[in-house]
Amino acid sequence: MVTKLVNACSNIGDICYARKIFEEFFEPDVFLWNAIVRCYSRHGLFAATLAMYSRMQRAWVSPDSFTFPIVLKACSALAALEMGKRVHGQVFRHGFGSDVFVQNGLVAFYAKCSQIRHARIVFNGLCDKTIVSWTAIISGYTQNGHPIEALRIFSQMRKMNVKPDWIALVSILRAYTDIEDLEQGKSVHGCVIKMGLDLEPDLLISLTAMYAKCGQVAVARSFFDMMKVPNVILWNAMISGYAKNGYAEEAVDLFHDMVSKNIKADAVTLSSSILACAQLGSLKLARGMEDYVSRSEYRDDVFVSTALIDMYAKCGSVDSARVVFDRMLDKDVVVWSAMIVGYGLHGRAQEAIDLFHAMKQVGVCPNDVTFIGLLTACNHSGLVEDGWQLFHCMRDSGIEPRHQHYACVVDLLGRAGCLGQAFRFIMNMPIEPGISIWGALLSASKIHRHVALGEYAAERLFFLDPYNTGHYVQLSNLYAAARMWDQVAKVRVLMREKGLNKDLGHSLIEVNGKLEAFRFGDKSHPRSKEIFEELEQLERRLKDAGFVPHRESVLHDLNEEETEETLCNHSERIAIAYGLISTAPGTTLRINKNLRACVNCHAATKLISKLVKREIVVRDANRFHHFKDGSCSCGDYW
DNA sequence: CTAGGGTTAG
């Protein structure tokens, strides 16, 4: 009777009441204990759930088959591995080792604590597997990054004629989403309709996430718009789907929609929206996000703070990233790595290396991503020797280098002009060289004008990545640098045969908090006349200062006059001119462009920074350039 | 009275 009363207390305010009733009893029985434990669990108060369970044990009340699932769920939610292991022991001691509810709980618990092998052992020992057991192990494998194994188990389950319910389908969808198998995802969608489950809101959320992640954002959006009662997870699925597929603006817009509709964002919403801001590269937007975070309850959330560090680095202010970093109390390897990668992007290798030592000092173990940050840092600032040593240090620490690490090393050797060594390095790697490795060799060949190696790398690239215009442009630039004009023309023919056009560059500049976009030769801006007057004046000043345009960065073999005209029409030059006429003297100009910096613009921007006494920060397709007083942070290698 | 799922960072 009293148990029923406690059970009835199901909203937050009533927890206190339930507790009061409970405390009235001198010796509560197991039913009453279960009721109070369940009460806390239902409200997500998992720490309190475990605290009550401990009290129950101290009171010498034996838990029953209903107690354990609740307690295990709390352990899962808190990822309390040690506590859960103790509970596992108690399960055996009290004779519930073969209760299917308890065992399902154990499977889920081990999976959530990244102990997938333990989960599998418990699962294998189950004699009566229910759909819940199967779902627990399947989702366990996806949660631990093994979607293929999850799908294998699913097909086993089908062979045993176990019919999936909607929660099982949610897990399967997640597995197909992870491997980005749109076709299989669609076939699950078909099953959902056939089974008449297409009214299950949570299953529709999974479908939305699947379509969004697999790049079908329009389909996902139609699901999103159809949902009668959108919850925060649906919003998150849509926002992160946009962000993951390069629709950063849509992601940010949706986040602002959420804010204006007073829908409460959670840590996931914030992380995804911050990721989108990082892609847009607007420092103003970035500051807005941090402002929002600092007024929310997630200001100390590890995920959110890590995303902020990454965002600030990618929006050009690695110093603001550092402020967030310094404020964090518990820094895990991901946080340290994010900061190190940030310094790497900006070519501040010494700070990256200092952080690396500091992190080891406090006992945080570096992982493969930490080394990607360190190696790119060394690349971006020319610390060839340090980079080489770090690569070996990584292997000595037992971290297996991945494709990206090898690409960094090729870049390092290339930068140092050791092209032969770079090539031998590629040939001796234990893995098959892919796009970024050949790409690194090609750009090194271009810089050091090594035609033969460049041609070889380009050939591999045309095979591996035939529709990427960038490779053709690089090869053409290599020929131009070597003054092989007829070869330049041949590349142009090759491109025409494949129906490829040179990617048009565009640059964004943020002025007074507003992002303005400029294309190549863009005259569409309302202040276009002033911009081009400023451009002309800049050209004059450059010439007076002795600047000679680098013709080699033009793809086409044009005549002299056209060449120069074409060069100073590059989008970043227009953006710079606009920035100069619309900001106060001395203001730093921040520009984002979609392609790599071209040789000519890079040289011109260096000189412009000196002539107009401005710092100019340019984010290109893969790194930052800080132009100041006539030189650039990249040391002219990119 | 109990169990499984979906959205997140480098």
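This structure is a prediction, so every number in the text was calculated from the model and none was measured. Lettering follows sequence order; numbering is per chain, from 1.
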Ring centres of A:His189 and A:Phe223 under 6.0 Å apart? yes

Would you please confirm or rule out a distance under 4.0 Å between OP1 or OP2 of B:dC1 and any side-chain N or O of A:Arg38? no

Within residues 204-231 of chain A, which residues have any heavy atom lying less than 4.0 Å from an atom of DNA chain B? A:Ile205, A:Ser206, A:Lys213, A:Asn231

Any pair counted as salt bridge (charged side-chain N to carboxylate O under 4.0 Å, His left out), so long as it reaches residues 200-213 of chain A, sequence neighbours left out: none

Look at the side chain of [X] against the base of [N] and say whether a donor-acceptor pair falls under 3.5 Å; ignore hydrogens and angles.
X: A:Thr135; N: B:dG4; answer: yes
X: A:Asp202; N: B:dG6; answer: yes
X: A:Asn367; N: B:dG10; answer: yes

Of the nucleotides B:dA9, B:dG5, B:dG10, which has the atom closest to the A:Ser337 side chain? B:dG10

Name the closest nucleotide to the A:Asn236 side chain, picking from B:dA3, B:dC1, B:dT7. B:dT7

Which residues pass the salt bridge (Lys or Arg N to Asp or Glu O under 4.0 Å) test with A:Asp368, sequence neighbours left out? A:Arg402

Side-chain (A:Asn144) to main-chain (A:Ala111) donor-acceptor, under 3.5 angstrom: yes

Does any N or O in the side chain of A:Arg395 come within less than 3.5 Å of the main-chain N or O of A:Pro401, such that one atom is a donor and the other an acceptor? no

Which part of the nucleic acid, if any, lies within contact of A:Gln143, taking any heavy atom under 4.0 Å across all strands shown: a base, the sugar-phosphate backbone alone, or nothing? sugar-phosphate

